[in-house]
Amino acid sequence: MLGGISPRDRLIHALDGMESIERALNYVNTLGDTISFYKVGLELFATGQGYSLLAALGAQNKKVFLDLKLFDIPRTVGATVQQIRHHASFNYLTVYGDHASLAAAVDAAEGQFTILAVTVLTSVGAIQSGKMSDTVLRRTEDALNAGCGGIIASGQETSALRKRFGTAPLIITPGIRHQKTDDHKRTTSVEQALRAGADHIVIGRPIYQSTCPSQMANDIQKRIAAVCAHP
Ligand code: C5P
């Protein structure tokens, strides 16, 4: 689980909280080589300049996780993924939904990027029926059967997912915190998430809201490197 992906690429920094792509690209410049992998979500896409941002990040050799969390009927999801494929190059795209919608997304990606399924958002503390871990396991099984390359899950479910599905599926873990200070209910630390088997951790606010984002990003990269050196 700790092999294959370079330690630096294990941190995916969420480019949220920026009102324009100019601001986002200035910010990316200030972080320099400390961050190699960015997550671009609905917030920056809604500026109308999402594809320009993806092209600019690609030109700087940054890897990109396009987190659009597409959710619709299979035909619409498939057609949307096809459109996105024609407009941009990136690494991962998120889709939310049932087996047929996920399978439509995988077909439309034509292997040019990896489709990741969202299981249960880490801002959700409890679900209406059954146990959270059962829901995450069931949705993961569905996603993998549909051909997805991996899933988004909280660090609290990762060990159980690794036990059941082995090392192959990508597991990406957001909701990385030391204390429960904001909207996430199912948080884990950098070390806990990686040791539980996450391939990547997604971190947004703890970096971009810190007083010195490049220092914070650097500190987190050192902690990731330490876990990778002594798994
Ligand atoms: O700022 P923070 O570290 O909470 O950033 C989390 C990022 O991860 C946000 O962009 C949010 O959209 C995303 N997220 C996610 N899936 C979850 C929880 C958060 O993609 N289950």
Side-chain angles (χ1 to χ4, degrees), residues 1-17 27-28 31 33-41 43 57 62-67 69 90-94 113-124 132-133 136 140 143 148-163 165 167-210 213-231:
M1 279 165 274
L2 288 178
I5 301 166
S6 76
R8 185 141 298 224
D9 283 352
R10 288 181 183 280
L11 173 59
I12 302 183
H13 184 25
L15 265 186
D16 299 328
Y27 175 73
V28 166
L31 294 176
D33 291 339
T34 312
I35 301 288
S36 53
F37 214 138
Y38 284 96
K39 182 170 91 71
V40 174
E43 197 177 328
L57 289 171
K62 302 296 182 192
K63 297 190 173 68
V64 174
F65 166 12
L66 183 54
D67 186 21
K69 294 187 178 73
F90 52 89
N91 302 83
Y92 302 149
L93 173 67
T94 38
F113 41 85
T114 300
I115 298 293
L116 301 172
V118 177
T119 54
V120 179
L121 296 177
T122 48
S123 52
V124 176
M132 178 70 73
S133 55
V136 173
T140 300
C148 292
I151 51 112
I152 314 295
S154 106
Q156 295 182 10
E157 286 92 36
T158 307
S159 297
L161 290 169
R162 285 291 179 218
K163 211 173 279 171
F165 301 105
T167 56
L170 279 170
I171 300 182
I172 284 105
T173 300
I176 305 292
R177 293 295 186 277
H178 279 305
Q179 306 154 306
K180 288 194 174 60
T181 48
D182 48 38
D183 48 3
H184 294 302
K185 304 283 192 304
R186 291 164 24 252
T187 57
T188 38
S189 72
V190 168
E191 290 79 7
Q192 284 170 330
L194 292 172
R195 293 216 162 94
D199 293 292
H200 300 278
I201 51 174
V202 174
I203 305 184
R205 286 167 288 183
I207 296 176
Y208 69 76
Q209 286 183 346
S210 71
S214 49
Q215 181 64 52
M216 179 61 78
N218 208 30
D219 289 349
I220 293 172
Q221 289 291 21
K222 283 189 191 148
R223 288 167 56 187
I224 293 172
V227 177
C228 292
H230 302 286

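At a threshold of 4.5 Å between non-hydrogen side-chain atoms, the residues Ile151 and Leu170 do not count as touching. Looking only at side-chain heavy atoms (C-beta outward), Lys39 and Leu15 stay at 4.5 Å or farther from each other. Here the side chains of Ile12 and Tyr38 are not in contact, with every heavy-atom distance at 4.5 Å or above. Side chains of Ile224 and Leu194 form a contact here, defined as non-hydrogen atoms less than 4.5 Å apart. Put simply, the side chain of Ile172 reaches to within 4.5 Å of the side chain of Leu116, judged on heavy atoms. Looking at Thr188 and Thr173, their side chains come closer than 4.5 Å, going by heavy atoms from C-beta outward. Looking at Val28 and Ile35, their side chains never come closer than 4.5 Å, going by heavy atoms from C-beta outward. Side-chain atoms of Tyr27 and His13, non-hydrogen and from C-beta on, do get closer than 4.5 Å to each other.
Checked by atom type, the side-chain pair His200/Tyr92 shows a donor-acceptor distance below 3.5 Å.
In this structure, Asp219 has no salt bridge (charged side-chain N to carboxylate O under 4.0 Å, His left out) partners at least two apart in sequence or on a different chain.
Looking at Lys62 and Asp9, no side-chain N of the basic residue comes within less than 4.0 Å of a carboxylate O on the acidic one, giving no salt bridge.
Between the side chain of Arg8 and the backbone N or O of Asp33, at least one donor-acceptor pair lies under 3.5 Å. With hydrogens and angles disregarded, a donor-acceptor distance shorter than 3.5 Å links the side chain of Glu43 to the backbone of Gly17. Between the side chain of Thr119 and the main chain of Ile152, a donor-acceptor pair closer than 3.5 Å is present. Checking side-chain atoms of Asp199 against main-chain N and O of Ile171 turns up a donor-acceptor pair under 3.5 Å. Side chain of Gln221 to backbone of Thr34: a donor-acceptor contact under 3.5 angstrom is found.
When all heavy atoms are compared, the tightest approach of Arg162 to Pro169 is NH1-O, 2.8 Å. Closest approach of Ala196 to Gly155, counting heavy atoms only: CB-O, 4.1 Å. The two atoms that bring Val64 and Phe90 nearest to each other are O-CB, 3.8 Å, heavy atoms only. For Pro206 against Ile176, the heavy-atom pair with the smallest separation is CG-O, 4.0 Å. Pairing each heavy atom of Ala217 with each of Leu31, the nearest pair is CB-CD2, 4.4 Å. Listed here is the closest heavy atom pair of Ala14 and Val202: CB-CG1, 4.2 Å.
Taking CZ from Arg195 and OG from Ser159, the interatomic distance works out to 12.0 Å, rounded to the nearest 0.5 Å. In this structure, OG1 on Thr158 lies 12.0 Å from NZ on Lys163, to the nearest 0.5 angstrom. Between Ile220 atom CD1 and Ile203 atom CD1 the span is 4.0 Å, to the nearest 0.5 Å.
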Apply the test side-chain contact (heavy atoms from CB on, under 4.5 Å) to residues Thr114 and Asn91: give CA-CA distance (whole Å), side-chain angles for both, the deciding distance (0.1 Å), then the verdict. CA-CA 6 Å; Thr114 300; Asn91 302 83; over 6 Å; no
Please step through side-chain contact (heavy atoms from CB on, under 4.5 Å) for the pair Lys63 and Ser36, ending with a clear verdict. CA-CA 6 Å; Lys63 297 190 173 68; Ser36 53; 5.6 Å; no
How far apart are the C-alpha atoms of Ile207 and Arg205, what are their side-chain angles, what is the distance that settles it, and do they pass the side-chain contact (heavy atoms from CB on, under 4.5 Å) test? CA-CA 5 Å; Ile207 296 176; Arg205 286 167 288 183; over 6 Å; no
